[in-house]
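Residue numbering restarts at 1 for every chain, and letters A, B, ... go by the order of the sequence lines. Every value quoted in this text rests on a predicted model; they were computed, and no experiment measured them.
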Number of protein chains: 2
Amino acid sequence: MGRPRGFDVDQALERAMRVFWARGYEGASLAELTGAMGITKTSMYAAFGNKEQLFRKALQRYGDGPAAYATRALEEPTARAVALAFLRGAVRTTTPPGGPSGCLAVQGALASSDESRAVHDLLADWRNDAGVRLEERFRRAVNEGDLPRDADPRRLARFIMTMGFGIAVQAANGLAPAELDEIVDTALLGWPA
Amino acid sequence: MGRPRGFDVDQALERAMRVFWARGYEGASLAELTGAMGITKTSMYAAFGNKEQLFRKALQRYGDGPAAYATRALEEPTARAVALAFLRGAVRTTTPPGGPSGCLAVQGALASSDESRAVHDLLADWRNDAGVRLEERFRRAVNEGDLPRDADPRRLARFIMTMGFGIAVQAANGLAPAELDEIVDTALLGWPA
DNA sequence: AGGGTTCTGCACCGACCGGTACTTAATTGA
DNA sequence: TCAATTAAGTACCGGTCGGTGCAGAACCCT
């Protein structure tokens, strides 16, 4: 009961996510955020709490949406296919035709002032979690005989994650998807048979 | 003539560079910058112009100092040695024992508000220039027969740059130098003979 | 119809942002 | 000794930051 909300929370969150994606956490002002969301600051505070909680929800949406490739890739049948799907997904997500370049989880708050340390750490954890899931998938691949018995799952996962982060920076540098795909191919040349 | 400067410009610039490195361009406030430099805002403006020009000079110092490994690596005798020296240098520079983690050129302004677009573009150019120099070095290696005739210098350079950027993010994530060196070794497994 | 509840829009908060005018201090050359 | 010149320190500028108090609007239930 009470007055119903005059805007679509999902759509507002989607737009906030894109602003954070393009500007970073600190670079995104409440004025620009709420302007893009089509609501006033008061409505934003009522619906999301504050700027930091809005970012947390935007990051969650990012993981369920644009960055869902990271989870989907884990379902590929072989470790090589997982790695390839992961990096191809990174390329596609960091170079959206009509959206911001790069990766929200990378450029959201790589460096920040002390006040934003909480968000900085949140993103570091987010990135590390993605690496751990990849590592577990590769460990399974070793157990299944899909990867050589002497392969180091943690090393491989960290390598792939490093490539993903690097691709995010290259995308922010303006490289095209086709050029990034070439880089991915080069990176996988040394992948264990 | 006139009253002599009461501080060491080089030392002040070094300290400013470290603040920018840790906080990013927008995250570094004039108060924190001048506090670390040990001077007042007035002195900073008289000596450096404004915040953006201070950053430009700090970036130049970064290239001549911590990031000089990128230029030194080009002098290695073989393409493989160049790539290895470049990435080992990236590891060492992005994990200084007493300094900020990561790479100033990466985390200085990956995402930013419109007002800082100039700095954002400056860093993108800086990163691209490093890639171009690497590419030219690899092209020379192909001509010298050091790399196979069918090797693509641009592709290889972009791959190494991507690894460097990724290492910078992993360093900001808290990985230790030894762990990053492992990643470098993994990355070079597929390097053309 | 009217109370209870929730949301919206406006105006406003103190704090901090990058940047500067002005006074005072320290130096050189005459 | 004293004007000319440059640096340093203080106090301040308008603007924007994230965040709120408050009044009115829009809904549900009785």
Rounded to whole Å, please give me the gap between CG in Asp8(B) and P in dA7(D). 15 Å
By nearest-heavy-atom nucleotide on DNA chain C, the more 5' of Ser29(B) and Met1(B) is Ser29(B)
Distance under 6.0 Å and angle within 45° of the ring axis: does Lys51(B) meet both against Phe20(B)? no
If you only use heavy atoms from C-beta on, which nucleotide in dA26(C), dA8(D), dG18(C) is closest to the side chain of Pro4(B)? dA26(C)
Do Thr42(A) and dC10(C) have a side chain to base donor-acceptor pair shorter than 3.5 Å? yes
So, is Thr40(B) near the phosphate of dA8(D), with a side-chain N or O under 4.0 Å from OP1 or OP2? no
Between Arg3(A) and Lys41(B), who's closer to the 5' end of DNA chain C by nearest nucleotide? Arg3(A)
Taking everything shown except Arg154(A) itself, do over 12 heavy atoms lie less than 6.0 Å from its CZ? no
Separation of atom CD in Glu52(A) from atom C1' in dC17(D), rounded to whole Å: 16 Å
Determine yes or no for a side-chain-to-main-chain donor-acceptor pair under 3.5 angstrom, with Thr94(B) supplying the side chain and Val91(B) the backbone. yes
Atom-pair distance (CG on Leu54(B); C1' on dG18(C)), nearest Å: 12 Å
What's the CD-C1' distance between Glu115(B) and dT16(D), to the nearest Å? 9 Å
Sub-3.5 Å donor-acceptor pair from the side chain of Gln107(A) to the main-chain atoms of Ala22(A), do we have one? no
Counting distance only, does the side-chain N/O of Arg137(B) pair as donor-acceptor with the main-chain N or O of Glu76(B) below 3.5 Å? yes
What integer distance in Å separates Phe55(B):CZ from dG19(C):C1'? 19 Å
Nearest-nucleotide pick for Leu30(A), side chain only, options being dG18(C), dG19(D), dG9(D): dG19(D)
Which comes earlier along DNA chain D counting from the 5' end, the contact point of Asn50(A) or that of Ile39(B), where each point is its nearest nucleotide? Ile39(B)
Rounded distance (Å) that lies between atom P of dC13(D) and atom OH of Tyr45(B): 17 Å
Taking CG from Asp114(A) and C1' from dG18(D), how many angstroms apart are they, rounded to a whole number? 17 Å
note: Leu33(A), atom CG; dG19(D), atom P; distance rounded to Å ~ 11 Å
